[in-house]
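Step one of this worksheet: look at the structure below.
Every chain is numbered from 1 and lettered A, B, ... according to where its sequence line falls, protein lines coming before strand lines.
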Amino acid sequence: MPGVNLCCNHQNPKDTMTTTRYNIKETETKWRQAWESRDSFRVTEDSKKEKYYVLEMFPYPSGRIHVGHVRNYTLGDVVARYRKACGFNVIHPMGWDAFGLPAENAAIERGEHPHKWTHENIRMMRDQLKSMGLSIDWSREIATCDADYYRHEQKMFLDFYRNGIAYRKESMVNWDPVDNTVLANEQVIDGKGWRTGAPVERRKLNQWFLKITDYADELLESLKNLPRWPEKVRIMQENWIGKSRGLQFKWNIVGSSEQIEVFTTRPDTLFGASFLALAPDHPMSQKLCGDKPEFKKFLAACQAGGTSEVAIEPAEKLGHDTGLKATHPLLGREIPVYVANFILMDYGTGAIFGVPAHDQRDFEFATKYKLPILPVISPSPASANAPAPSPLREREGPAKQEGEGQTEAYTGSGTLMNSEFLNGLDIESAKQRIIDECEKIGNGFGTTQFRLRDWGVSRQRYWGCPIPMIHCEKCGVVPVPEKDLPVTLPPDVTFDKPGNPLERHPTWKNVKCPSCKSDARRETDTFDTFFESSWYQFRYCDPKNENLPFAKDKAAYWMPVEQYIGGVEHAVLHLLYARFFTKAMRDCGYTEVSEPFTGLFTQGMVTHETYQDEKGAWLFPTDVKKDGEKFVTVKDGKPVKVGGIVKMSKSKKNVVDPEDILSTYGADAARLFILSDSPPERDLEWTESGIEGAWRYVNKLHRMINESLPLLPLPNGERAGVRGPLPEFSKEALTLRRATHKTIKGVGEDIEAFAMNKAVAKVRELSNAISEHCHPGSPICHPGESRDRVDESLAWALRESIETLVILMNPMMPHLAEELWEILGHKTLLVETPWPKADPALLVQESVTIGVQVNGKLRAQITLPSNADQKTAEQTALGEPGVQKALEGLQVRKVIVVPGRIVNVVAG
RNA sequence: GCGGCCAUGGCGGAAUGGUAGACGCGUACGCUUGAGGUGCGUAUGGGGUAACCCGUGAAGGUUCAAGUCCUUUUGGCCGCACCA
């Protein structure tokens with residue numbers, strides 16, 4: 001890696017003369033051991049202290065941490081260490097999202113048992129995380145693949161089942177015929193399985209579901225109570241839940257007793273209906289034309305486009321005329337009934353009425369099948385009864401009467417026309433009016449639909465939590481009795497054949513029915529791994545509880561999580577599931593808590609430049625080096641093509657290994673760089689020069705403070721300034737103190753606002769101010785006699801500044817800060833030292849330099865006492881030569897003085 | 001298509017409507033060093049010898065004052081996507 005030679009702590013003889021060089025490895029290890037031996041981060045409930053729960057999304061134990069983890073856990077650690085210093089009882093736990101597919105793939109590829117593979121990975125990753133110096137209470141560590149963990153969710157699932165939250169139903173799934181397993185929608189690429197490349201089949205399977213739809217309204221409504229969530233995530237969840245209001249009502253079919261029920265969010269356009277359309281898999285479609293050969297052809301055409309929704313999207317609108325007519329409930333008019341490929345069975349009622357004039361899809365469909373287009377909304381505010389041609393109509397309205405020549409549907413606002421009693425109403429009033437009318441005539445009702453579907457939790461996988469159910473031919477589905485929990489995974493399985501090994505395990509699968517004792521079989525599906533991650537934040541509150549998932553009072557103390565941190569990729573799934581789970585647990589009596597995370601922060605990705613060799617093969621950053629302006633390969637100096645800065649990924653090899661970084665530059669430098677370069681919500685570009693810059697700063701701080709020691713008064717057993725009468729402060733001392741206290745305020749505010757890059761900038765600013773005084777020539781010393789203190793007050797202020805600096809840097813660079821704290825003469829640990837408080841008296845500047853503008857253009861700068869009145873400011877400003885020059889030939893009309901900000905002279 | 005976010009030096013980024021560019025990276029020059037690196041110092045938005053002029057994607061507007069607020073527009077990123 002470029003710059004790797006920087007790390008070696010080779011000692012220049014000259015260096016040893018002045019100060020000892022900072023030995024990163026030794027020092028960082030020393031302090032981690034100190035914290036560990038003192039259990040610095042171990043917490044228990046303490047009713048006298050206010051708690052603060054910091055949680056980062058727990059990692060999947062892939063075996064190695066990546067830079068995204070480093071960013072995630074550094075951000076959390078800054079918050080945790082800061083809150084701890086502020087006096088909160090901080091819980092900051094860690095664990096492992098340990099079930100999932102990669103373990104099974106490893107088993108298939110390498111013949112290693114998922115259990116062994118996972119636990120080895122956990123061990124390695126735990127070591128890596130520990131080397132970051134995180135303030136984690138490791139005594140609370142959990143792994144979701146341990147029966148000690150998942151036994152509780154089996155019990156929970158049984159409670160859900162009893163309370164009607166869990167149920168079983170048949171549904172359509174993506175089935176990979178080679179792997180013999182269900183695939184998630186994301187795992188289907190162009191209609192083929194992502195691993196096998198085999199065309200995915202649509203299959204009907206019996207699956208377990210959780211009734212998240214019962215909570216749709218609450219999940220939506222309580223988003224309003226989450227002000228400390230990113231707006232973006234709330235909007236994404238809102239869209240995902242997809243609530244819409246409308247009218248549901250029935251159409252009679254001519255010559256039949258059958259009815260077709262439809263849902264619409266645009267009941268106002270009912271008089272513009274020109275056809276009905278059914279989903280292809282609507283029961284009525286089958287019934288009406290299931291036998292007809294043309295219909296079968298049509299169905300085949302529908303499926304040709306692929307199975308995933310995305311594949312269907314650009315497809316042409318296709319329809320099949322059933323030949324039937326339906327009667328308009330208000331007009332008595334007859335309109336045709338089609339089956340159409342763009343109607344989804346699982347939204348609304350699976351049937352619609354089409355209004356081509358005001359819906360783009362209906363418009364395309366009507367155009368293709370030559371159906372009437374009947375405009376009922378006039379974009380002009382003019383009377384709908386006499387639709388006089390208005391200039392607007394040409395541009396945005398239906399171009400001509402009866403929609404002839406119209407090229408697209410009009411979906412904007414307007415006034416109802418051609419609609420009997422609705423004429424002249426605006427859209428919103430018309431909606432309500434027609435819902436009232438339908439309710440009055442006893443056909444239909446105003447209702448609400450959700451886009452959210454119930455959560456299918458069954459997976460045909462081995463490495464997951466077994467679903468604690470038994471299938472008995474006589475009794476049907478029978479829950480595993482609680483005394484038989486947990487249902488543990490059998491260890492003796494093989495992965496030499498495709499499919500779920502649980503299916504092939506004779507003694508595990510075949511059991512007696514708990515109810516009638518006859519032969520039965522176990523449910524062989526396991527839970528979706530989002531199941532485990534939906535409640536782990538509760539388990540951390542009471543991780544060793546054998547009888548319960550967690551004690552209610554412990555959860556009551558620690559929950560909810562004040563600050564949750566993770567990637568935005570979980571904005572919907574995990575975060576929605578966890579919110580739902582919390583509410584479901586609440587309704588089953590597990591807790592009183594309704595929302596698991598009151599504060600959420602979503603971090604950006606980590607990116608890196610990409611490199612390719614002459615043949616286009618991707619190169620690791622460690623395989624290339626800079627040669628002048630260009631990059632060449634390390635191996636043979638061949639030219640390297642430098643590509644875009646994109647998210648780190650193994651496929652493009654633009655990754656750096658945190659373990660290399662940590663051992664080369666140390667945890668503090670890595671943490672500092674990650675915090676300082678970009679605002680945490682944005683993408684972070686990992687650069688070699690950036691990490692080197694951070695590393696240099698770590699060394700600089702160590703050197704600077706070591707060199708300043710002879711200038712400082714003794715710590716006197718306490719932090720300077722805490723005890724004893726204050727000396728009379730010199731001007732320099734006051735300036736330094738003001739800078740110090742301003743920084744205390746600023747850094748605290750920045751950390752609380754997650755502006756870590758700004759917090760780092762302020763720490764650097766303070767250290768720049770301090771370094772002014774750490775040299776011969778500073779007023780602290782006699783000119784020429786570098787180490788004799790003259791200005792005692794400045795020496796005192798310098799110690800105050802340096803100690804403050806060390807405390808403020810602690811959340812970012814905890815090892816270095818702890819080391820410097822000791823160097824400064826303290827016998828206590830910095831990790832137990834409270835955050836300083838800014839002295840309000842020192843936050844007021846003595847004098848301020850402000851700009852003077854003439855007609856908004858800057859012409860001079862003036863320095864005023866901060867308590868100067870407006871008149872003084874005005875006079876000083878007008879007296880400035882630059883101002884006078886700009887005013888030549890002009891008359892002053894007005895002078896605006898904003899105290900402490902600006903003076904603006906308006907002249908003309 | 002719908003919804004959201006963003007746009008500031010060579011780069012990452014700072015700026016309660018009030019001195020645009022904090023802090024850092026990079027670069028240049030000088031000092032230190034046997035050399036390289038480290039360290040230290042100075043400079044660094046553009047133009048101009050200078051006075052000064054121009055500058056926050058573009059165009060308008062509000063205001064004494066706009067990177068910030070409003071309207072229009074361009075480009076990029078993200079989410080959802082036949083949701084009736």
Mind checking the [atom1] distance from [N] to [M]? Whole angstroms is fine.
N      : M      : atom1 : value
C53(B) : G61(B) : P     : 22 Å
G46(B) : G21(B) : P     : 14 Å
U73(B) : G67(B) : P     : 22 Å
A7(B)  : G13(B) : P     : 9 Å
U27(B) : G18(B) : P     : 35 Å
G3(B)  : A81(B) : C1'   : 11 Å
C64(B) : U19(B) : C1'   : 16 Å
G57(B) : C23(B) : P     : 22 Å

When you get a sec, tell me which of [options] is the closest nucleotide to the side chain of [X]?
X         : options                : result
Lys885(A) : C52(B), A84(B), U19(B) : C52(B)
Gln853(A) : A20(B), G13(B), C82(B) : A20(B)
Ala761(A) : U19(B), A22(B), A84(B) : A22(B)
Arg682(A) : A7(B), C78(B), G24(B)  : A7(B)
Ile343(A) : A84(B), C25(B), G24(B) : A84(B)
Lys758(A) : A15(B), A84(B), A20(B) : A15(B)
Ile896(A) : G4(B), A20(B), G18(B)  : G18(B)
Ile352(A) : A84(B), C40(B), A14(B) : A84(B)
Arg696(A) : U38(B), C82(B), G4(B)  : U38(B)
Ser244(A) : A84(B), G79(B), U19(B) : A84(B)

If you measure only the distance, is there a donor-acceptor pair under 3.5 Å linking the side chains of Thr610(A) and Asn654(A)?
no
Under 3.5 Å, is there a donor-acceptor pair between the Tyr697(A) and Ser676(A) side chains?
no
Length of the line joining [X]:[atom1] and [N]:[atom2], which is rounded to integer Å:
X         : N      : atom1 : atom2 : answer
Leu672(A) : C25(B) : CG    : C1'   : 13 Å
Lys745(A) : U16(B) : NZ    : P     : 12 Å
His608(A) : G12(B) : NE2   : P     : 15 Å
Asn757(A) : C23(B) : CG    : C1'   : 9 Å
Lys857(A) : U19(B) : NZ    : C1'   : 15 Å
Leu864(A) : U19(B) : CG    : P     : 15 Å
Gln870(A) : C64(B) : CD    : C1'   : 14 Å
Trp240(A) : A81(B) : CH2   : C1'   : 11 Å

Walk me through whether Phe673(A) and Trp695(A) qualify under ring pair (Phe, Tyr, Trp, His ring centres under 6.0 Å).
CA-CA 8 Å; Phe673(A) 171 58; Trp695(A) 177 83; over 10 Å; no
Residue-phosphate contact under 4.0 Å: Arg859(A) side-chain N/O, C53(B) OP1/OP2
yes
Does some side-chain heavy atom of [Y] sit less than 4.5 Å from a side-chain heavy atom of [X]?
X         : Y         : value
Leu684(A) : Gln603(A) : no
Ile691(A) : Trp686(A) : yes
Trp229(A) : Thr602(A) : no

So, does the side chain of Lys317(A) form a donor-acceptor pair with the base of C82(B) at under 3.5 Å?
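It does, because a donor-acceptor pair links the side chain of Lys317(A) to the base of C82(B) below 3.5 Å.
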Which atoms form the tightest heavy-atom contact between [X] and [Y], and what is the distance?
X         : Y         : result
Ala273(A) : Ile335(A) : O-CG2, 4.0 Å
Ala366(A) : Phe275(A) : CB-CE2, 4.5 Å
Ile343(A) : Ala351(A) : CG2-N, 4.1 Å

Can you list the steps and then say if Lys762(A) with Glu765(A) is a salt bridge (charged side-chain N to carboxylate O under 4.0 Å, His left out)?
CA-CA 5 Å; Lys762(A) 278 169 191 158; Glu765(A) 224 170 340; over 6 Å; no
Can a donor-acceptor pair be found, under 3.5 Å and without considering hydrogens, that links the side chain of Thr269(A) to the backbone of Gly272(A)?
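Side chain of Thr269(A) to backbone of Gly272(A): no pair is present.
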Pick the closest RNA chain B nucleotide for Val568(A) and for Ser689(A) by heavy atoms, then say which residue is nearer the 5' end.
Ser689(A)
Per nearest nucleotide of RNA chain B, the residue lying toward the 5' end, Asp683(A) or Gly856(A), is Asp683(A)
For [X], which contact category applies under a 4.0 Å heavy-atom criterion: base, sugar-phosphate, or nothing?
X         : answer
Lys762(A) : nothing
Glu765(A) : sugar-phosphate
Arg451(A) : base
Asp362(A) : nothing

Kindly indicate, with the supporting measurements, whether the criterion side-chain contact (heavy atoms from CB on, under 4.5 Å) is fulfilled by Phe353(A) and Asp362(A).
CA-CA 9 Å; Phe353(A) 65 82; Asp362(A) 297 348; over 6 Å; no
Aromatic ring proximity, centroids under 6.0 angstrom, Tyr338(A) and Phe365(A)
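Yes.
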Within residues 897-908 of chain A, which residues have any heavy atom lying less than 4.0 Å from an atom of RNA chain B?
Val898(A), Arg901(A), Ile902(A), Asn904(A), Val906(A)
Is the base of G47(B) syn or anti, where syn means the angle lies within 90° of 0?
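In terms of base orientation relative to the sugar, G47(B) is anti.
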Please give the stem ranges for RNA chain B, sorted by first residue number, where a stem is three or more consecutive Watson-Crick or G-U pairs and both donor-acceptor distances are under 3.5 Å.
B:1-7 with B:74-80, B:10-12 with B:23-25, B:26-31 with B:39-44, B:45-47 with B:52-54, B:57-61 with B:69-73
